[in-house]
Every structure is written in C-alpha cells, then in structure tokens.
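Worksheet for the structure shown next.
In what follows, every chain begins at residue 1, and chains take the letters A, B, ... in the order their sequences are listed. Everything numeric in this text was worked out from a predicted model, so none of it was measured.
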Number of protein chains: 2
Amino acid sequence: MVERISDAEHEIMEVLWEKAPLTATEVADRVADAKGWSLQTVKTLLSRLATKAVIGTERDGRRFQYSPLVERDTYLAGVSRKFVDRLFGGKVTPLVAHLAEADELSDDDIREIEELLRELKG
Amino acid sequence: MVERISDAEHEIMEVLWEKAPLTATEVADRVADAKGWSLQTVKTLLSRLATKAVIGTERDGRRFQYSPLVERDTYLAGVSRKFVDRLFGGKVTPLVAHLAEADELSDDDIREIEELLRELKG
DNA sequence: TCGGAATAACTACAGATGTAGTCAGTAGCG
DNA sequence: CGCTACTGACTACATCTGTAGTTATTCCGA
C-alpha cells in the first residue's frame with residue numbers, strides 16, 4: 001500500500017535506490033545533471049517522500065541521511081501492475097503486442113523475453 | 001505528440017473508443033456505473049479533452065457529438081513507451097520479469113506471449 | 001407560443017505537483 | 001568565542017486534476 005510517488009519524486013528515489021544513505025546535498029548533486037533542480041527543490045521532494053514514509057531519515061549531526069524504505073522491486077511491481085490493469089485490462093500480452101507493433105521490440109528483446117519465459121516455465 | 005491525458009480523462013476516452021460519436025449525456029451514462037460521476041464532471045472532462053485536441057466535436061442541433069481524434073492504439077503505444085522508458089530504462093524484458101515475479105503472469109499469459117513472439121519472428 | 005428541461009460555457013475550489021524562496025538554528029572555521 | 005555558511009523547516013505559488021455548481025441559451029412538448 002505504497003502511496004503514490006510523483007514523477008519528480010521518482011527521480012529522487014532512483015538516486016537513493018542506486019546509493020544510500022545520502023544527504024540532501026548529495027542527492028541534489030546526483031540529479032543535477034539530469035534535471036537541474038535546485039537544492040531547495042530536492043529538499044522539498046525528500047521531505048515529501050519522508051512524509052509518505054517511502055524514505056527514512058537518520059540524523060547525522062546537523063543534517064539528515066536519507067534511505068529508501070521501499071524496495072525498488074516492490075515499488076515497480078506495484079506500479080507495473082496498476083499500469084497494466086488500467087490500460088490493458090490486466091493482460092500483459094496486449095502490452096507486449098503494442099510495444100512490438102510500435103517497433104519498440106528488437107530481435108534481441110524478443111530473444112531475451114523468450115529466454116525469460118522458458119525459465120519461468122522450467 | 002499527444003498531450004498528457006489524466007486518469008479521469010482516460011476513462012472518458014475508453015468510452016469513446018468503444019463507441020463514437022456520443023453526446024455528453026451518453027458518455028455520462030456509460031461511465032456512471034464504473035465511476036459515478038455527475039454529468040457536469042463528464043462535461044468538464046470532455047471539454048478538457050477537446051481543448052487538448054484528442055477528441056473532436058460536431059454540432060448536432062443544440063448539443064455536441066464527441067469522437068476520438070486519436071486512435072486507442074496510437075495512444076497506448078505512446079504511453080507504454082514512456083512507461084517502459086521511465087521505469088525500466090526502455091527495456092521490456094525487466095517489465096515482464098517483474099510481472100512474472102509478482103505472480104502476475106499465469107501459464108496462459110506465458111503461452112500467449114510466446115505465441116505472439118513466434119508470430120513476430122515469423 | 002410559452003415555459004420548462006436540456007445543454008454548453010464559465011466559474012469554483014481543494015488537493016497534488018513542480019519548483020523554489022525565506023527563516024532560524026547550529027556546527028565549525030578563524 | 002563570534003560569525004558565517006550550511007541545513008532543515010516552513011512558506012509560496014502557479015499549474016494540473018478531480019469533482020462539481022451556476023448561468024445563459026435554446027429546443028421541444030403542451
């Protein structure tokens with residue numbers, strides 16, 4: 001029952017999933033390239049995430065160390081589920097079909113997925 | 001380059017994709033079951049969609065007939081693409097893997113996807 | 001023909017979101 | 001030991017979203 005994480009908040013989460021704990025400044029440094037947000041913006045997002053209890057804080061002197069409280073896998077599974085439910089009536093096949101038709105699937109992708117499916121059955 | 005369609009707006013689109021053209025009242029009737037929105041709410045959503053140019057209007061006496069201007073397939077392909085890009089670095093395989101791990105894939109799903117992939121290669 | 005019902009247009013408003021500024025406290029440097 | 005720079009907390013504000021009320025017009029039935 002993870003609360004909804006907005007797009008901007010998700011960017012922050014990706015950073016923390018890659019490395020944690022981090023201070024606000026460190027997080028800001030890591031998103032600076034991609035997003036160019038100010039330190040204040042990053043702090044706002046961090047505090048909103050903390051309010052939603054998807055990240056935790058640990059005091060370190062005058063500052064905080066932030067860490068994810070929710071696993072990336074757990075989060076992605078939930079979001080994927082909702083996405084497939086809402087747009088494809090819960091069926092994955094149409095999603096794969098759409099991506100395929102839109103030329104989003106390379107031959108390599110197809111081989112990879114086939115491999116995965118073989119393992120799933122095995 | 002379809003503008004972002006919100007969740008509520010998407011519900012309206014699904015109705016129009018299933019049958020069009022429809023008047024505001026007809027759309028409202030069709031979403032009433034699932035969402036219980038008032039007629040006014042539906043009209044607001046319809047006019048927002050018209051502003052975004054994803055549906056078109058045709059005058060019919062004192063009222064409008066609304067029809068999609070964007071194909072469902074086109075829209076879904078775009079949204080799927082963005083989704084997979086943002087959450088899975090553009091790769092479909094991890095998405096399928098996630099759904100599989102979360103037990104969201106039945107044996108039938110797997111067989112279906114395998115079938116689809118076979119066709120894609122053929 | 002006239003009044004009521006239907007309809008589109010406009011207005012409303014709270015909560016979420018993106019983006020940041022201001023303020024007050026405090027730790028560490030000089 | 002005092003001041004400055006860093007830090008979290010609080011405040012700000014425009015836009016988007018969900019959800020609807022109000023208003024002005026017009027068509028249709030009596």
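With hydrogens and angles disregarded, a donor-acceptor distance shorter than 3.5 Å links the side chain of B:S80 to the backbone of B:L76. The closest donor-acceptor contact from the side chain of A:D109 to the backbone of A:S106 lies under 3.5 Å. Formation of a donor-acceptor pair under 3.5 Å by the A:T44 side chain with backbone atoms of A:Q40 is found in this model. Distance alone, capped at 3.5 Å, places no donor-acceptor pair between the A:T74 side chain and the A:V70 backbone.
In this pair, A:W17 and A:H10 present their aromatic rings perpendicular. The plane angle is above 60°, beyond the 30 to 60° band.
Nearest-nucleotide positions on DNA chain D place A:T25 closer to the 5' end than the other of A:T25 and B:A8.
First and last contacting nucleotides of DNA chain C toward chain B (any atom under 4.0 angstrom from a heavy atom, 5' to 3' order): C:dT7 to C:dA12.
For the contact set between residues 36-64 of chain A and DNA chain D, defined by any heavy atom under 4.0 Å, the members are A:Q40, A:K43, A:R48, A:R62, A:R63, A:F64.
The CD1 atom of B:I5 sits 15 Å away from the P atom of D:dC16 (whole-angstrom rounding). Look at NE2 on B:H10: it is 14 Å from P on D:dT17, rounded to the nearest Å.
The existence of a salt bridge linking A:E114 and B:R118 is excluded, since no basic side-chain nitrogen approaches an acidic carboxylate oxygen closer than 4.0 Å.
Only one option out of A:K52, A:K35, A:R4, A:R48 pairs with A:E9 in a salt bridge (charged side-chain N to carboxylate O under 4.0 Å, His left out); it is A:K52.
A:R111 is linked by a side-chain hydrogen bond (donor to acceptor under 3.5 Å, both in side chains) to A:D108, counting only residues two or more places apart in sequence or in another chain.
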